[in-house]
Amino acid sequence: MKLWNKIKKYAYATPDKDAFNTIILGALCYEKLSYLDLVRAVQQCFYSLPEITGMRVGIMISNRPLWAIYDLALTLKGATVVPIPYFFSEIQVRHITNDAELELIIKEELSVDESSKASPCDTTCVIKAEISLEKPTCDAAKTSLKEITPKCNPSPIAKITYTSGTTAAPKGVMISQAAVDVVTESLAERTGAIATDRHLSLLPLSTLIENISGLYVPLYAGATILYPENNKEKAHQTAPIKSPQECAELIDKTHATTLNLVPIILEGLILLGEERKKPIHKDLRFVACGGAPLPSALIKRARALEIPLYQGFGLSECTTVVSVNSIDHNRPGSIGTALAHLQIRIADDGEIMVSGNALMEGYLNKDNEKITEWATGDLGHIDDDGFLYISGRKNSAFSTSTGRNLSPEWVEGELLSSSAVDQALVYDGGLDRPAAIITPKASWLKKTGQELLKVHKDVKELLQEPLIREILIKELGASMGSLPEYATVKDFTFTWPPFTRKAGEVTPSGMLNRQLILKQYTGTRKLI
């Protein structure tokens, strides 16, 4: 495990250097764990674990140093690590436990409401994560280290990561240690990761993108990782920040240099910066964003606030990141060039195809042949300089009655650039042009209602007002000004309340679950 050798190197060379800072909001207190502390904690964890070589072991820990300690120790112990996202439903957790045939789950202390998730199967052994492992030791620099002899995992699979999917049955993506190593190295090189970086971790560590680019890459570079703690009275309930105000406060006061974001968090930061009329903190040097195509208007707004934004693209089947822009080669609107270990081509039908030595080993419990090239399901093109552009999903594209092929994500991006739109889903309405389901922004509706009608009403009442709807449709039309006529939406359906992750309507990356939502709207959900 190349990463472990790097961490040990830093523990000897710079033993007091912070590997992790846990930040308590409000007071902004820090709980620190040095690189030497990290090595000692992993060693202690390694020797305290039972014999697990060759076993599949689940980790159910939130964003905190404890996650990294167990992840590293389990891998060195020869186990296959299976992250269990805390945002998965009880049904999904039970599916993972049974599908992966987990014999052991490591969990932190959870709330009463989450206890049923933590014990998903009577035949699975559940061990409480030892929180004391992430507490710094006294005079650590003077304490000798006890060497670890890594155990050889008889399986080539080092990690099984479960995709959220569109149903309650996520698929297990099998990843080799070699793939993890090569992606970590490629990303560290592409993002210019350095020891002085301070990475603020906002996405769940149980997702492969944050696991590799938000944990492994900073540690590979000898940098410091910052974990925000939501409740200083409950240190075990650490979770990614959702509020743009909290995120901006942390960026400012912790001097974070790198972030991984999904579009919904990025937009919140942009809106906050525009309200404050000042740029995001100058210490930021690399803000990576993926998960969905970004509207051109949003990119311009980010640049106006001096956000060092670098778009990327990836998927679990390719061990996360496939392409990303870099500081030296950044082309706004593109999703960058392929990482060094991968090759990208565009199929005859426009689908993005990926090959190289970091593809998954297959899906768990499926009949898998050797994968030499992966069809991503995304449509796009490559320009003359090798920059990749994504236009939408192959399975969501449709043809209008005039024979025009259309990717709904393209149109949705333009609609989402409007300050009046919170969520947008474009679909084939059976017309010569697409139709759209729109969730307006409550703040825009209330502000517009007060200015035009001089009244205070709730969102549903405002959406029933003919004048408000007329202004809203004009606003939507203006946001699509750059689209050709055949791609311009004329048929709008407005709905409230917004789609949610809890209901399965929004994926962990912030994208709308198109299949589920369209099924709801052609079935029982009431339209406004």
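Position 1 is the first residue of the sequence, and the numbers go up from there. Heavy atoms only: backbone and side chains are in, while hydrogens, waters and symmetry mates are out.
Applying the salt bridge (charged side-chain N to carboxylate O under 4.0 Å, His left out) test to residues at least two apart or on different chains, the pairs with a partner in residues 337-347 are Arg345-Glu373.
Remark: Glu31 does not engage Arg64 in a salt bridge, criterion side-chain N to carboxylate O under 4.0 Å. Salt bridge status for Arg331 with Asp383: present, with a side-chain N to carboxylate O gap under 4.0 Å. Salt bridge status for Glu108 with Lys128: absent, with no side-chain N to carboxylate O gap under 4.0 Å. Salt bridge status for Arg94 with Glu90: present, with a side-chain N to carboxylate O gap under 4.0 Å. One finds no salt bridge joining Lys77 and Glu51 here, because no Lys/Arg side-chain nitrogen approaches an Asp/Glu carboxylate oxygen to under 4.0 Å. The pair Glu412-Arg514 meets the salt-bridge criterion, since a charged nitrogen lies less than 4.0 angstrom from a carboxylate oxygen. A salt bridge does not link Lys32 to Asp37: none of the charged side-chain nitrogens sits closer than 4.0 Å to a carboxylate oxygen.
With hydrogens and angles left out, the side-chain atoms of Asn260 and Ser213 include a donor and acceptor closer than 3.5 Å. Between the side chains of Asp197 and Thr258, not a single donor N or O lies within less than 3.5 Å of an accepting N or O. With no hydrogens or angles considered, a side-chain donor-acceptor pair links Ser201 and Asn63 at under 3.5 Å. One side chain, Tyr216 or Asp71, offers a donor N or O that lies under 3.5 Å from an acceptor on the other. For the residue pair Gln311/Ser334, the side-chain donor-acceptor check at 3.5 Å is not satisfied. Counting only N and O atoms by type, the side chains of Asn153 and Thr80 include a donor and acceptor under 3.5 Å apart.
Using the six-membered ring where Trp is involved, Tyr363 and Trp374 have ring planes that are perpendicular, over 60° apart on the 30 and 60° scheme. The aromatic rings of Tyr162 and His95 sit perpendicular to each other, their planes meeting at more than 60°, with 30° as the lower class boundary.
For Phe286, the ring-ring contact (aromatic ring centres under 6.0 Å, His included) criterion is met by Tyr310, not counting sequence neighbours. Remark: Phe313 engages no residue in a ring-ring contact (aromatic ring centres under 6.0 Å, His included) (not counting sequence neighbours).
Within 6.0 Å of the NZ atom in Lys17, the count of heavy atoms belonging to other residues, nucleotides or ligands exceeds 12. Enclosure of atom CD in Glu189 is not indicated, since only 12 or fewer non-hydrogen atoms of other residues, nucleotides or ligands lie within 6.0 angstrom.
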Practice item. Dump the intermediate steps for salt bridge (Lys or Arg N to Asp or Glu O under 4.0 Å) on Glu185 and Lys2, then the final yes or no. Key: CA-CA 9 Å; Glu185 292 182 65; Lys2 293 183 179 180; 3.1 Å; yes

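Checked against Ser323 for a side chain to side chain contact (heavy atoms under 4.5 Å, CB included), the options Ile344, Thr337, Ile390 give a single hit: Ile344.
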